[in-house]
Each structure stands twice: as C-alpha cells, then as structure tokens.
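For the single chain, residues carry numbers from 1 onward in sequence order. Note that these values count all heavy atoms, side chains included, but never hydrogens, waters or copies made by symmetry.
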Amino acid sequence: MNSVEPKPSSTRPLRVLVVEDSYHAATMVCSILESMGVEILGPSPTVKHAMQTLDRVSCDAAVLDINLGKESVQPVAERLRDAKIPFFFVSGYSSPNLISTEFRSRVHLHKPVEPDLIRREIDRLVAG
C-alpha cells in the first residue's frame with residue numbers, strides 16, 4: 001500500500017514524528033513517508049527538539065532512531081508510550097541493550113531499511 005488513509009474521525013493527513021540525527025537517514029525516511037501522503041513532524045535530531053515538537057503539535061505515530069549522537073531516544077519513547085501513540089524504531093545498531101527492556105519488543109527495523117518495510121509498519125500502526 002502506498003498511501004495511508006487518515007484516521008476515520010480526521011480529515012487531515014496522518015502525522016508522523018520522525019526522530020533521527022542522521023541527515024541522510026532522516027531524508028530517506030521522510031521521503032518514504034511523504035510518498036504515502038503523511039504529514040511529517042520533524043525530523044527531530046535531538047530529544048529536546050522532539051519534545052518541543054510534541055509540545056506544539058500532536059502526532060498519530062512516530063519513527064524513532066535509538067541512538068541520537070550522545071543521547072538515547074528513550075525519553076521520547078516513554079512520552080509516546082504514556083500518550084498511547086504507536087511508534088517503531090529504525091536504527092543502525094542491532095544490540096537490544098541500547099534501549100530499556102520495556103521497549104525491546106517494539107518493532108526495530110535495521111538501517112539501511114527497505115522503503116516497503118517502513119510503509120508496511122506505518123500501515124500496521126495505523127490499522128492497529
């Protein structure tokens with residue numbers, strides 16, 4: 001599926017927060033999401049930027065890089081979990097020890113990721 005339908009109660013496009021510190025990876029993820037008709041929030045290269053974005057506007061789902069330079073995306077994941085906003089990880093690291101045990105069962109796509117995997121995961125989150 002190449003486009004995400006808005007939530008039934010909404011006439012606006014699906015809003016997806018992208019938290020990624022690599023310009024190249026952020027550009028790739030955003031390009032895939034834009035091709036699906038998604039409204040991109042971000043990309044946010046830091047936890048602070050992601051939190052400020054969430055303070056200003058709500059999102060329907062999120063794509064998170066685990067390692068943002070010298071910080072972990074964990075605080076953003078916790079906020080999304082508490083708000084019951086679905087998310088998944090896209091990371092170049094395969095070690096599950098980079099994120100707390102409570103998030104290890106989340107979908108974790110490994111970079112470089114195929115565009116169809118991101119599309120399928122967004123569709124799954126929205127349907128779910």
Side-chain angles (χ1 to χ4, degrees):
M1 178 181 266
N2 287 334
S3 65
V4 176
E5 293 298 318
K7 292 192 174 191
S9 63
S10 176
T11 58
R12 67 169 171 75
L14 185 76
R15 288 183 183 149
V16 177
L17 174 68
V18 175
V19 182
E20 172 62 66
D21 65 325
S22 162
Y23 176 80
H24 177 71
T27 301
M28 186 262 315
V29 170
C30 290
S31 176
I32 293 165
L33 295 174
E34 286 171 347
S35 76
M36 298 174 69
V38 168
E39 180 181 341
I40 307 297
L41 302 180
S44 296
T46 64
V47 168
K48 180 179 179 179
H49 188 273
M51 295 297 209
Q52 289 172 337
T53 299
L54 290 170
D55 287 342
R56 287 190 318 271
V57 65
S58 64
C59 69
D60 302 304
V63 179
L64 309 176
D65 181 12
I66 293 174
N67 185 5
L68 304 172
K70 295 183 180 185
E71 63 182 342
S72 166
V73 78
Q74 176 113 4
V76 178
E78 291 169 351
R79 181 167 176 179
L80 293 168
R81 176 209 56 212
D82 292 347
K84 298 185 180 1
I85 297 169
F87 63 91
F88 64 94
F89 298 106
V90 174
S91 178
Y93 298 95
S94 59
S95 173
N97 297 327
L98 293 172
I99 198 79
S100 73
T101 55
E102 71 180 296
F103 295 119
R104 290 185 191 161
S105 64
R106 296 279 178 160
V107 169
H108 181 162
L109 303 178
H110 297 281
K111 295 177 191 172
V113 64
E114 291 294 319
D116 284 344
L117 291 176
I118 291 176
R119 288 184 189 102
R120 267 184 271 170
E121 191 54 29
I122 290 293
D123 287 340
R124 186 188 69 77
L125 290 178
V126 172

Colleague: Could you measure the distance from the CG atom of Asp65 to the CG atom of Leu109? Nearest 0.5 Å is fine.
Modeller: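 The CG atom of Leu109 is 11.5 Å from CG of Asp65, to the nearest 0.5 Å.
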
Colleague: For Val63 and Glu121, run side-chain contact (heavy atoms from CB on, under 4.5 Å): C-alpha distance rounded to whole Å, both residues' side-chain angles, the deciding distance at 0.1 Å, then the answer.
Modeller: CA-CA 10 Å; Val63 179; Glu121 191 54 29; over 6 Å; no

Colleague: Working to the nearest 0.5 angstrom, can you tell me the gap between Ser22 OG and Asn67 CG?
Modeller: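 Rounded to the nearest 0.5 Å, the OG-CG separation comes out at 11.5 Å.
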
Colleague: Keeping the roles fixed (side chain from Glu71, backbone from Val47), state whether a donor-acceptor pair exists under 3.5 Å.
Modeller: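 Indeed, once roles are kept as given, a pair shorter than 3.5 Å links the two residues.
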
Colleague: Listing request: all ring-ring contact (aromatic ring centres under 6.0 Å, His included) pairs with a residue in residues 20-73, at least two apart in sequence or in separate chains.
Modeller: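 Sorted result for residues 20-73: empty, none.
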
Colleague: Suppose we screen for ring-ring contact (aromatic ring centres under 6.0 Å, His included). Which residues come up paired with Phe88, at least two apart in sequence or across chains?
Modeller: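 For Phe88, no residue satisfies ring-ring contact (aromatic ring centres under 6.0 Å, His included) once neighbours in sequence are set aside.
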
Colleague: Is any side-chain heavy atom of Phe87 closer than 4.5 Å to a side-chain heavy atom of Val19?
Modeller: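 A side-chain contact under 4.5 Å is absent here.
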
Colleague: With Ala61, which residues qualify under side-chain contact (heavy atoms from CB on, under 4.5 Å), at least two apart?
Modeller: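 Ala61 satisfies side-chain contact (heavy atoms from CB on, under 4.5 Å) with Val16, Pro86, Leu125 only.
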
Colleague: Report yes if some heavy atom in the side chain of Asp60 is under 4.5 Å from a heavy atom in the side chain of Val126; otherwise report no.
Modeller: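 No. Closest side-chain heavy atoms not under 4.5 Å.
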
Colleague: Between Phe103 and Gln74, what is the shortest heavy-atom contact and its length?
Modeller: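 Distance-wise, the nearest heavy atoms are CE1-NE2, 3.7 Å.
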
Colleague: Return each pair, listed once, that meets salt bridge (Lys or Arg N to Asp or Glu O under 4.0 Å) where at least one residue sits in residues 34-57; pairs must be two or more places apart or across chains.
Modeller: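 Qualifying pairs, neighbours excluded: Arg15-Glu39, Asp55-Arg79.
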
Colleague: Give, for atom CZ of Arg119 and atom OG of Ser35, the distance between the pair rounded to the nearest 0.5 Å.
Modeller: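 One gets 4.0 Å once the value is rounded to the nearest 0.5 Å.
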
Colleague: List in chain and number order the residues that pass side-chain contact (heavy atoms from CB on, under 4.5 Å) with Ile85, two or more places apart in sequence or in another chain; answer none if no residue qualifies.
Modeller: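 Testing Ile85 for side-chain contact (heavy atoms from CB on, under 4.5 Å), a comparison that skips the adjacent residues, returns Cys59, Leu80, Ala83.
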
Colleague: Sort and list the pairs that fulfil salt bridge (Lys or Arg N to Asp or Glu O under 4.0 Å) and have at least one residue in residues 18-29, not counting sequence neighbours.
Modeller: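 Matches after skipping sequence neighbours: Glu20-Lys111.
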
Colleague: Minimum heavy-atom separation for Met51 and Pro75, please, with both atom names.
Modeller: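 Closest heavy-atom pair between Met51 and Pro75: CE-O, 3.3 Å.
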
Colleague: Testing the basics here: between Pro13 and Gly37, what is the closest heavy-atom pair and its distance to 0.1 Å?
Modeller: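 Closest approach of Pro13 to Gly37, heavy atoms only: CB-O, 3.5 Å.
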
Colleague: What residues form a side-chain hydrogen bond (donor to acceptor under 3.5 Å, both in side chains) with Glu102, not counting sequence neighbours?
Modeller: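 Residues passing side-chain hydrogen bond (donor to acceptor under 3.5 Å, both in side chains) with Glu102: Arg81.
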
Colleague: Compare every heavy atom of Pro45 with every heavy atom of Leu68, then report the nearest pair and how far apart it is.
Modeller: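 Heavy atoms only, the tightest pair is CB-O, 3.9 Å.
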
Colleague: Could you grab the distance from atom NE2 of His108 to atom CZ of Arg106, nearest 0.5 Å is fine?
Modeller: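 Here the rounded value is 13.5 Å.
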
Colleague: Quick test of your reading of the model: are Arg120 and Asp123 salt-bridged, counting only N-O distances below 4.0 Å?
Modeller: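 No, this pair does not count.
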
